[in-house]
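These notes are about the structure you will find just below.
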Amino acid sequence: MWALFMIKNVKKQRPVNLDLTTIRFPVTAIASILHRVSGVITFVAVGILLWLLGLSLSSQEGFQSAADIMDGFFAKFIMWGILTALAYHAVGGIRHALMDVGYLEETFEAGKRSAWVAIGITVVLSILAGVLVW
């Protein structure tokens, strides 16, 4: 009973930071979160892209419908987002694979450098994807 009382008191004494604007994540945490988010976006995008592929392969009219869909600004913006998410997920995956096999050090400084490099490469690939889509 005494231990239960102590656990309840310890939990009440911990500080709570509800101001999320004061929390500063390191670039390694941001890169990790973005890698997970880009994986989810890529997973959802597979369904969209398969639907579009199926529509375009169904018939000549289906192909024209898919081409008409891809002519709109919104569809191009979605496609650019999908390509950017795929690029970041691939670059982040390569970064993690290089760390796993020992080509990159597993220190915080090396993690920060490789996270910035991954983000930089993704920015370049995102610009190239924008040129490709538009």
Side-chain angles (χ1 to χ4, degrees):
M1 192 68 163
W2 171 254
L4 185 60
F5 174 75
M6 291 303 292
I7 290 172
K8 287 183 179 180
N9 279 343
V10 170
K11 287 184 179 179
K12 290 181 181 179
Q13 295 172 355
R14 294 192 323 198
V16 178
N17 183 6
L18 297 177
D19 186 9
L20 296 178
T21 61
T22 62
I23 297 174
R24 299 288 177 240
F25 289 113
V27 70
T28 54
I30 294 169
S32 177
I33 292 167
L34 286 176
H35 188 255
R36 292 168 191 210
V37 169
S38 67
V40 170
I41 291 170
T42 302
F43 179 76
V44 171
V46 167
I48 296 168
L49 295 175
L50 284 175
W51 169 77
L52 196 59
L53 178 66
L55 179 64
S56 70
L57 295 177
S58 64
S59 65
Q60 197 168 11
E61 293 81 23
F63 179 82
Q64 190 58 46
S65 296
D68 292 341
I69 290 170
M70 288 306 299
D71 279 340
F73 174 79
F74 186 69
K76 288 182 179 183
F77 184 75
I78 295 294
M79 188 61 65
W80 172 77
I82 289 170
L83 290 173
T84 299
L86 180 61
Y88 184 78
H89 198 71
V91 170
I94 292 169
R95 172 180 171 251
H96 283 291
L98 290 175
M99 292 171 93
D100 288 344
V101 297
Y103 286 121
L104 297 175
E105 297 176 35
E106 292 188 12
T107 63
F108 185 65
E109 287 302 318
K112 284 189 342 186
R113 279 192 310 270
S114 65
W116 279 116
V117 168
I119 291 170
I121 291 171
T122 303
V123 167
V124 171
L125 291 175
S126 177
I127 292 168
L128 291 174
V131 170
L132 176 70
V133 169
W134 276 286

Worksheet item: If you group Ile, Leu, Val, Met, Phe, Trp and Tyr by side-chain heavy-atom gaps below 4.5 Å, do Ile23 and Ile30 land in one group?
Response: yes
Worksheet item: Is Leu125 isolated, or which residues cluster with it under the ILVMFWY side-chain rule of less than 4.5 Å, directly or via members?
Response: Val91, Val117, Ile121, Val124, Leu128
Worksheet, complete the sentence: Looking only at heavy atoms, the pair that brings Gly111 and Arg95 closest together is O-NH2, 3.2 Å
Worksheet entry | Linked, directly or transitively: Ile119 and Phe25 (ILVMFWY side chains, under 4.5 Å) | yes
Worksheet item: Got a donor-acceptor contact below 3.5 angstrom from the Thr84 side chain to the Trp80 backbone?
Response: yes
Item to complete: Tell me who clusters with Ile41, hydrophobic residues only, linked when side chains sit under 4.5 Å apart either directly or through other members.
Response: Ile33, Val37
Discussion item. Do Leu34 and Leu86 sit in one hydrophobic cluster, given that two such residues count as connected whenever their side-chain heavy atoms are within less than 4.5 Å of each other, even indirectly?
Written reply: no
Practice prompt. Could I get the full list of side chain to side chain donor-acceptor pair (under 3.5 Å) partners for Asp71, not counting sequence neighbours?
Written response: none
Worksheet item: Would a hydrophobic clustering, with Ile, Leu, Val, Met, Phe, Trp and Tyr connected at side-chain separations under 4.5 Å, put Met79 with Phe74?
Response: yes
Worksheet item: Okay, side chain of Ser65, backbone of Glu61: is any donor-acceptor separation there less than 3.5 Å?
Response: yes
Worksheet, complete the sentence: Scanning both residues in full, the closest heavy-atom pair of Tyr88 with Ala31 reads OH-O, 3.0 Å
Item to complete: State the CG-CD1 distance between Leu49 and Ile82, to the nearest 0.5 angstrom.
Response: 4.5 Å
Worksheet item: Taking atom CG of Leu83 and atom CG of Leu132, what is their separation to the nearest 0.5 Å?
Response: 6.5 Å
Worksheet, complete the sentence: Tightest non-hydrogen contact, residues Phe73 and Trp134, listed as CE1-CZ2, 3.7 Å
Discussion item. Test question: given the 4.5 Å side-chain rule for I, L, V, M, F, W and Y, name all other residues clustered with Met99, or answer none.
Written reply: Ile94, Leu98, Val101, Tyr103, Leu104
Worksheet item: So how far is it from Ile78 CD1 to Ile69 CD1, rounded to the nearest 0.5 Å?
Response: 12.5 Å
Discussion item. Let me confirm one number: the OG1-CZ distance from Thr107 to Arg113, rounded to the nearest 0.5 Å.
Written reply: 6.0 Å
Discussion item. I'd like to know if Phe63 and Leu55 are part of one continuous hydrophobic network [Ile/Leu/Val/Met/Phe/Trp/Tyr, side-chain heavy atoms within less than 4.5 Å].
Written reply: no
Discussion item. His35: which residues meet the ring-ring contact (aromatic ring centres under 6.0 Å, His included) condition with it, sequence neighbours left out?
Written reply: His89, His96
Fill in: By salt bridge (Lys or Arg N to Asp or Glu O under 4.0 Å) - contacts of Glu109 (at least two apart)
Lys112
